[in-house]
Number of protein chains: 2
Amino acid sequence: MLVTNIGRVTPIRKAERTRERLAEHALDLFETQGYEATTVAQIAAAAGVTEMTFFRHFRTKEAVVLTDPYDPVIAAGIRRRPLDEPPLHRAVRGLRETFAQLPEPDVDMVRRRVRLIARTPVLRAAVTRHNDVTESAIADALAGPEEDALAARVSAAVVLAALTVGLYAWAEHAEGSLGEFIERALAVLEPDHA
Amino acid sequence: MLVTNIGRVTPIRKAERTRERLAEHALDLFETQGYEATTVAQIAAAAGVTEMTFFRHFRTKEAVVLTDPYDPVIAAGIRRRPLDEPPLHRAVRGLRETFAQLPEPDVDMVRRRVRLIARTPVLRAAVTRHNDVTESAIADALAGPEEDALAARVSAAVVLAALTVGLYAWAEHAEGSLGEFIERALAVLEPDHA
DNA sequence: CGTCCAATGTTAGTCACTAACATTCGGTTG
DNA sequence: CAACCGAATGTTAGTGACTAACATTGGACG
């Protein structure tokens, strides 16, 4: 029972390939025609597949572009900061340390995706919606026993906002690493940083 | 020609009444059934009107709840701050002054609306989308001649994020004025404020 | 080689939203 | 006051994102 499905590699791979094909064609079409002008039917057709199949692989049209690989790690990084710092500083420094350890992404695809998002209002809004859960996680990580809940939520929101702006700016500018842009964005919140 | 339409009061009033009826019934339905579970057809029916008429008065379903009366004033307030302050301080202080002069809103309706928004992810996202233009306006107001553009954008984003959190917190808490909540939210960004 | 299940297809429907055209209703004007 | 005109609303038909129920294929495994 435990090992039964080990050999069954191909069907899984097939689904993954379809998924990737969909994502690639989607990105291409979005970039050439614009996100809203592109129809799910078009993407599906380009990938040689039905509309239905598209929605089997991605719950929404947005989901083809939106992958948040970092979100889970962030809150953990913040918890590691000492509790005696004010919430905003804990958030900023926690984020900084987290991203310092993360590897730079495969610049090609990620940058195309982020740039598309940065230029498409609906997608930016979708990112915000996704960030809501991360924001809550950060706020929880910040909220000490007798801590000001409002301050925690503001700090969380503000740090994520800065991070997002840095990310978008990086995607547009083509010179400079993600790390640099994030660092510059966070520095605005903590100017007195050695 | 200039004065011709002065007497034509009733048709305009009629449209306004319809609009208000739609908004009221929409809010009621949203609060009882939830935003997404409520259909535009239901709202229209409740207001004794066709779906089509709904969309004549509100461009989208979201628009019934989203009215941003403050957005235009904000950037102007920031421009009044001296240019030698760092962008984040200009933004925070500009906002603070702007809201200090603004009247407290009719607490009833506004609070219901904001609370609904705060609790509905799609609506929060929509607010963010709306804020994009305000954010650009603030960023422009902050960007001095040789100023750091990234810092300006981060400051704008961050200040709006704080403001929004304050607004949502106010809508949920029922004790305390809007001004207090906004002040507490902004204070997180500028702890060393006399 | 036939079985089984993942992967995909088909059909039919809901809901937000758009466009083109038809209608009502009330105040203005002759 | 009656014909008129335009704002306000209705009707119809369609698109696009998404869902649900059911049918089909195709390849790995026994």
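Values in this document were obtained by computation on a predicted structure and should not be read as measured data.
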Task: Summary of ring pair (Phe, Tyr, Trp, His ring centres under 6.0 Å) pairs that have at least one residue in residues 103-127 of chain B, sequence neighbours excluded - done: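 The answer is none; no pair qualifies.
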Per-pair distances, 0.1 Å, donor-acceptor, side chain in residues 51-60 of chain B, under 3.5 Å, sequence neighbours excluded:
residue, atom, partner, partner atom, Å
B/Thr60, OG1, B/Glu62, N, 3.4
B/Thr60, OG1, B/Ala63, N, 3.2

Task: Separation of C/dA7 P from A/Phe58 CZ (nearest whole Å) - done: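 Those two atoms, CZ and P, are 14 Å apart.
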Residues that [X] engages under side chain to side chain contact (heavy atoms under 4.5 Å, CB included), provided they are two or more places apart:
| X | value |
| --- | --- |
| B/Val122 | B/Glu36, B/Thr120 |
| A/Pro82 | A/Asp84, A/Glu85 |
| A/Ala100 | none |
| B/Leu167 | B/Val114, B/Trp170, B/Leu178 |

Task: Sequence neighbours excluded, every pair satisfying salt bridge (Lys or Arg N to Asp or Glu O under 4.0 Å) that has a member inside residues 157-175 of chain B - done: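 Qualifying pairs, neighbours excluded: B/Arg119-B/Glu172.
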Task: Residues from residues 18-31 of chain A lying under 4.0 Å of DNA chain C - heavy atoms - done: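 Those residues are A/Thr18.
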Open item on the list: Under 4.0 Å, heavy atom to any atom of DNA chain C: which of residues 112-126 of chain A qualify?
Closed with: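 None - not one residue of the stretch has a heavy atom sitting under 4.0 Å from the strand.
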Open item on the list: Quick check: do B/Val158 and A/Val188 have side-chain heavy atoms less than 4.5 Å from each other?
Closed with: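 No, too far: nothing below the 4.5 Å cut-off.
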- [ ] Could you pull out all residues at least two apart from A/Arg184 that satisfy salt bridge (Lys or Arg N to Asp or Glu O under 4.0 Å)?
- [x]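 Once residues adjacent in sequence are excluded, the partners of A/Arg184 under the salt bridge (Lys or Arg N to Asp or Glu O under 4.0 Å) criterion are B/Asp148.
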Open item on the list: Does C/dT8 have its OP1 or OP2 closer than 4.0 Å to a side-chain nitrogen or oxygen of A/His57?
Closed with: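 Yes.
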TODO: Scan nucleotides 10-19 of chain D nucleotide by nucleotide, 5' to 3', and note B when protein non-hydrogen atoms come under 4.0 Å of the base, S if they reach only the sugar-phosphate, - if neither.
DONE: BB----SSBS
Side-chain polar contacts of residues 135-144 of chain A - donor-acceptor pairs under 3.5 angstrom, sequence neighbours left out - could you list them?
residue, atom, partner, partner atom, Å
A/Ser136, OG, A/Asp132, O, 3.2

